[in-house]
Amino acid sequence: MKLLSKNYEENVRALRQILGSDQNFDILEKHLLIAGHAASLFFIDGLVKDEILEKLLEYFYSLNPKELPDSLEQFQMQALPYIETEVLATFEQVQKNLLSGVPCLFINGMPDSLAIDCRTYPARNVEEPFKDRTLRGSRDGFVETVVFNTALIRRRIRSPKLCMEMQTVGKSSLTDVVLCYMSDRVDRPCLEKLKERISSLAVDALTMNQESLTELLLPGHWWNPFPRFHLTERPDTASASILEGNIILLVDNSPSAIILPTTLFAITEEANDYYFPPVTGTYLRLSRFLIMVISLVLTPLFLLLMQHPAWIPEGFQFIQIQDTVNIPLIWQFLLLELAIDGLRLAAIHTPDMLSTPLSVIAGLVIGEFAVNSGWFNSEVMLYMAFVTIANYSQSNAELNYAVKFMRILLLLLTCFLGLWGFLAGILGVAVCLLTCRTFSGRGYLYPLVPFHWKTLKRQLLRSKLRP
């Protein structure tokens with residue numbers, strides 16, 4: 001690391017060259033005269049609080065030569081009426097702080113530089129997450145500014161055991177990553193492994209923020225779609241996970257927190273489970289599990305029964321398709337899987353004022369004409385409509401797509417291999433779940449595999465809180 005020179009003009013000249021202030025309009029240098037000494041204040045326009053900076057400039061201009069200490073350490077302790085200051089001794093420290101929005105001050109006759117943290121970031125208001133909504137409970141959610149997110153967690157956990165360590169990832173992006181955990185409850189081997197993995201990341205930039213970080217932290221088999229990280233936009237969920245001994249990763253510019261280690265049962269949990277009485281919370285939790293399993297096997301099982309009508313129980317003969325099948329059922333299911341994703345992507349890019357009427361048109365008009373024209377059978381449309389709605393019972397989008405991919409695999413195997421293909425598909429889903437490993441190395445299906453009854457009961461049944 002290159003140390004700052006004792007020569008004021010040499011430091012300023014070198015910093016101008018490093019930052020390219022002549023080419024960058026937003027990197028500004030303010031020339032000052034502080035107690036008869038020439039000074040330069042470097043800052044980025046748009047990332048500083050103008051009111052605080054103006055107050056500091058007024059104070060600098062009012063200083064007398066007798067009031068100026070001999071060093072920046074004494075200056076920040078004795079003469080500077082501001083809290084967040086730090087003396088920097090290297091060009092790397094100055095560059096990192098300045099490009100993060102922290103103004104840096106150089107005074108002639110004093111070595112080093114003084115960082116004055118009066119930065120501000122463009123940020124939206126704290127509001128309820130669009131995805132992780134609850135019927136009861138708090139209405140705040142994470143935003144893209146990491147300092148705001150840590151404050152939301154600190155507000156809920158007022159314990160000195162709560163630790164928040166910051167690391168920097170990316171040679172060019174220098175992205176701030178914060179590790180949040182309870183020092184007396186965290187899994188220490190897992191924590192040390194995570195710190196070592198983050199510090200050893202050799203990457204130029206986290207281009208996709210948290211997604212890039214998760215792929216670097218835990219590279220795995222590309223063919224296994226099940227998520228190994230739990231993402232949440234709710235501070236209450238993140239705080240509860242910290243109190244349970246988990247680790248939270250907050251990435252700057254991301255409105256989500258990464259919870260690790262995690263399991264399939266933890267991913268399927270929601271805040272609604274705890275904002276209702278134990279009986280209601282248990283019902284909601286078990287309902288999600290049941291709906292997820294049904295959405296996985298419903299259409300492949302229907303396809304299997306249509307291939308072998310004799311296997312249909314006597315009381316369920318009504319499920320047989322009565323109309324003419326113009327297009328093979330497998331193609332109907334695959335086309336609808338693709339069409340539903342197309343409608344979902346279109347809804348994302350549709351203006352809000354048009355999303356509701358266009359959704360009605362897509363759901364009613366197109367569906368009705370698709371059945372009447374003979375492209376699809378009404379039974380196929382019914383089961384695919386249930387599967388589509390069932391996907392929204394889980395707030396985790398990665399898990400929804402994993403179930404979707406497994407369902408398509410089951411459809412293809414059932415179509416070509418019949419019953420043996422259906423059973424092979426179920427076995428393939430089980431293999432994907434069993435081979436999926438979490439960051440700590442624990443099984444993805446824990447506490448079911450390996451079996452631990454007390455933990456499993458707590459995961460499945462919402463128990464009453466006890467003091």
Side-chain angles (χ1 to χ4, degrees), residues 1-123 145-148 150-151 154 164-168 174-176 178 252:
M1 299 179 69
K2 184 178 179 182
L3 296 175
L4 291 171
S5 171
K6 295 183 179 180
N7 187 288
Y8 160 78
E9 295 182 353
E10 183 178 343
N11 289 332
V12 172
R13 192 183 312 113
L15 189 59
R16 289 172 186 164
Q17 184 177 1
I18 293 174
L19 299 176
S21 56
D22 295 336
Q23 293 80 28
N24 297 290
F25 76 96
D26 58 337
I27 298 180
L28 305 179
E29 178 186 359
K30 176 69 175 177
H31 299 282
L32 307 173
L33 192 63
I34 300 177
H37 294 260
S40 293
L41 180 66
F42 290 87
F43 61 95
I44 295 181
D45 190 18
L47 295 183
V48 295
K49 298 177 182 178
D50 295 338
E51 299 82 2
I52 296 179
L53 205 57
E54 289 175 359
K55 292 286 185 180
L56 289 174
L57 291 179
E58 288 183 17
Y59 171 75
F60 290 153
Y61 289 140
S62 64
L63 283 175
N64 296 321
K66 296 181 180 180
E67 299 176 348
L68 189 66
D70 297 331
S71 66
L72 286 177
E73 287 83 358
Q74 296 178 356
F75 180 68
Q76 70 167 343
M77 290 188 296
Q78 302 175 8
L80 186 59
Y82 195 72
I83 300 174
E84 298 182 68
T85 61
E86 181 184 4
V87 177
L88 308 178
T90 66
F91 279 104
E92 287 79 5
Q93 291 176 328
V94 174
Q95 178 182 337
K96 178 183 176 181
N97 278 267
L98 186 57
L99 294 178
S100 298
V102 180
C104 294
L105 177 67
F106 292 86
I107 302 177
N108 191 12
M110 295 185 183
D112 303 331
S113 174
L114 183 63
I116 307 172
D117 195 348
C118 58
R119 58 183 161 177
T120 183
Y121 291 142
T145 306
V146 70
V147 178
F148 293 175
T150 56
R154 284 282 185 188
M164 295 190 176
E165 300 183 19
M166 179 175 289
Q167 296 193 23
T168 302
L174 296 176
T175 305
D176 293 328
V178 180
D252 198 19

Does [Y] offer a backbone N or O that forms a donor-acceptor pair with the side chain of [X] under 3.5 Å?
X	Y	answer
Tyr61	Leu32	no
Gln95	Phe91	no
Asn24	Leu19	yes
Thr120	Leu47	no

Tell me the closest heavy-atom pair linking [X] and [Y], and the distance in Å.
X	Y	value
Phe106	Val94	CZ-CG1, 4.2 Å
Tyr8	Gly109	CB-N, 4.5 Å
Pro103	Gly101	CD-O, 3.3 Å
Leu68	Ile34	CD2-O, 4.1 Å

Under the side chain to side chain contact (heavy atoms under 4.5 Å, CB included) rule, what do Val102 and Glu86 come out as? Steps first, then yes or no, please. CA-CA 10 Å; Val102 180; Glu86 181 184 4; over 6 Å; no
With a 4.5 Å limit on heavy-atom distance, are the side chains of [X] and [Y] in contact?
X	Y	result
Tyr121	Phe148	no
Asp112	Glu73	yes
Asp117	Asn97	no
Asn11	Ser113	no
Val87	Leu114	yes
Met110	His37	no

Atom pair [atom1] ([X]) and [atom2] ([Y]), whose distance is rounded to the nearest 0.5 Å:
X	Y	atom1	atom2	answer
Lys55	Asp50	NZ	CG	13.5 Å
Glu54	Glu58	CD	CD	7.5 Å
Lys30	Ser40	NZ	OG	11.0 Å
Leu41	Cys104	CG	SG	8.5 Å
Leu53	Arg119	CG	CZ	14.0 Å
Leu15	Glu29	CG	CD	8.0 Å

Is [X] atom [atom1] crowded by more than 12 heavy atoms from other residues, nucleotides or ligands, each under 6.0 Å away?
X	atom1	result
Asp70	CG	no
Gln17	CD	no
Gln74	CD	yes

Applying side-chain hydrogen bond (donor to acceptor under 3.5 Å, both in side chains) to Thr175 and not counting sequence neighbours gives Ser173
I'd like to check the salt bridge (Lys or Arg N to Asp or Glu O under 4.0 Å) partners of Asp176; sequence neighbours left out, ordered by chain and number. none
By salt bridge (Lys or Arg N to Asp or Glu O under 4.0 Å) - contacts of Glu10 (at least two apart): none
